[in-house]
Protein chains: 2
Amino acid sequence: MSDYFRNTVMKKLSNGDFDCTKEFTVSMFSGKHKLLILWILINDGPQGFSYFMKNLKGISKKVLSNQLNELMADQIVSKREYLTGKVKHTEYQLTDIGETLIPIIVALNDWGENRLKQVTLVKIFNNDL
Amino acid sequence: MSDYFRNTVMKKLSNGDFDCTKEFTVSMFSGKHKLLILWILINDGPQGFSYFMKNLKGISKKVLSNQLNELMADQIVSKREYLTGKVKHTEYQLTDIGETLIPIIVALNDWGENRLKQVTLVKIFNNDL
DNA sequence: CTGAATCCCATTAGATACTG
DNA sequence: CAGTATCTAATGGGATTCAG
C-alpha cells in the first residue's frame, strides 16, 4: 500500500540518513492488512496464499500479494513453494525476525480488544446501539 | 488519511458487527504520523500545534490537523485551548486511554531501533552503503 | 493454485487562501 | 497561532486478464 512511503524511508537509509527510526518502524506496519496477516501466522501457523484470501475478507489478490511481498522484503515473513502435480502451492511463515514481533502484536491486539469492549459498552449504555 | 477505513470500521461496529477487533486496532494506528505524534507526546509531554509542525518534518497543516482530530475522536489525545492576547494556543496531551498505549509504543520503537541497527549493519558489511 | 500486470476509479496528500 | 475550505495532483485499491 504505502510503497511510496516505504521507498522514501529506504532512500533515506541509503543516503545515510539514519534519523528516521520512527518512519522506519511505521513503514514496517503500514498496510491495512499486515497486522491481520501476522496475526493469522501467529495463531494458525504457516499458511498458503488461499488461506489468507479466505480469512481476510474483502482483500484482493493484488493487495494480499503486495503486502506479503513487503513483509518478505522486510524479512518478517518467508515463503516456501511446492507443486502438487502442476498446481503451485505456497506456505508463508514468520521468520526469526518476525517472531520477535509476536509479543508486540499480542499486546497490540489485547489493547484493541479491551478498547473495543469499552467503546461498545459505552455505546450500549448510551442506547446509541 | 484513512478516514474511509476508519468510517468503515465504525459503521461495522454500529451495525453490531463486532468481529472486527483487528480492523479496529489497525484503524487506531493507521496514519503515517500517528506513531510519531504519540512518541512526541510521550517523550516531550503536552505540546502545541506548531511544535508538531516543527518536529514532524514534511507534514502539512491539514494532515496534522486530521491526524490529531482522529486521535481525539479515538480518545487517545485531548486538547486544551487558550488565548494569549488575541493569539490562539493549543496544548495536546495523552488521555488516560492514550497512556495505556505507552508500553506498546515504547516496545514498538525499541523493536524498530534494533531492527534498523541490524539492517544498517548488514548494509555496511555488504558495502551496499 | 499462485501471483504479476494492467486499467480505472476512490481516496489521500499538498498547496494555497481565508478566518477567528 | 491554529486551524478549515477548496482545488488539484499523486497514490492506493479493486476487478480483470494472463501466465507458470
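Computed over heavy atoms, backbone and side chain alike; hydrogens, waters and symmetry mates excluded. Lettering follows sequence order; numbering is per chain, from 1. As the structure is a prediction and not an experimental result, all values here were calculated from the model.
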Would you classify [X] as touching base, sugar-phosphate or nothing, given that sugar-phosphate means primed atoms plus P, OP1 and OP2, and contacts are heavy atoms under 4.0 Å?
X: A:Tyr82; result: nothing
X: A:Gly85; result: nothing
X: B:Phe52; result: nothing

Within a strict 4.5 Å, meaning less than it, do heavy atoms of the [X] and [Y] side chains meet?
X: B:Ile40; Y: B:Leu56; result: yes
X: A:Val106; Y: A:Trp39; result: yes
X: A:Lys12; Y: A:Phe24; result: no
X: A:Glu99; Y: A:Ile102; result: yes

Give the rounded distance in Å between these two atoms: [atom1] of [X] and [atom2] of [N].
X: A:Leu83; N: D:dG20; atom1: CG; atom2: C1'; result: 9 Å
X: B:Tyr51; N: D:dA2; atom1: OH; atom2: C1'; result: 18 Å
X: B:Gln67; N: C:dA13; atom1: CD; atom2: P; result: 7 Å
X: B:Gln47; N: D:dG3; atom1: CD; atom2: C1'; result: 18 Å
X: B:Lys34; N: C:dT12; atom1: NZ; atom2: P; result: 11 Å
X: B:Asn7; N: C:dT12; atom1: CG; atom2: P; result: 9 Å
X: B:Asn66; N: C:dA13; atom1: CG; atom2: C1'; result: 10 Å
X: B:Lys86; N: C:dT19; atom1: NZ; atom2: P; result: 15 Å

Closest listed nucleotide, where the reference is the side chain of [X] and the choices are [options]:
X: A:His89; options: C:dT2, C:dG3, C:dA13; result: C:dT2
X: A:Lys79; options: D:dG3, D:dG13, C:dG3; result: C:dG3
X: A:Asn69; options: D:dT11, D:dG14, C:dA4; result: C:dA4
X: B:Thr90; options: C:dG3, D:dT4, D:dA2; result: D:dA2

Would you say [X] places a side-chain N or O within less than 4.0 Å of OP1 or OP2 belonging to [N]?
X: A:Ser60; N: D:dG13; answer: no
X: A:Ser50; N: C:dT2; answer: yes
X: B:Tyr92; N: D:dG3; answer: yes

- line: Distance col, row B:Gln67:CD vs B:Leu36:CG, nearest 0.5 angstrom, shows 9.5 Å
message: For the CD1 atom of B:Ile59 and the CZ atom of B:Phe52, what is their distance to the nearest 0.5 Å?
response: 9.5 Å
statement: Residue pair A:Glu81/A:Lys62 against DNA chain C: nearer the 5' end by closest nucleotide is A:Glu81
Nearest-nucleotide 5' precedence on DNA chain D, A:Val87 against A:Ile59: A:Ile59
message: Let me spell it out: for each of A:His33 and B:Gly48, pick the nucleotide of DNA chain D with the closest heavy atom. Which residue's pick is nearer the 5' end?
response: B:Gly48
C:dG20 base / B:Lys88 side chain donor-acceptor hit below 3.5 Å: no
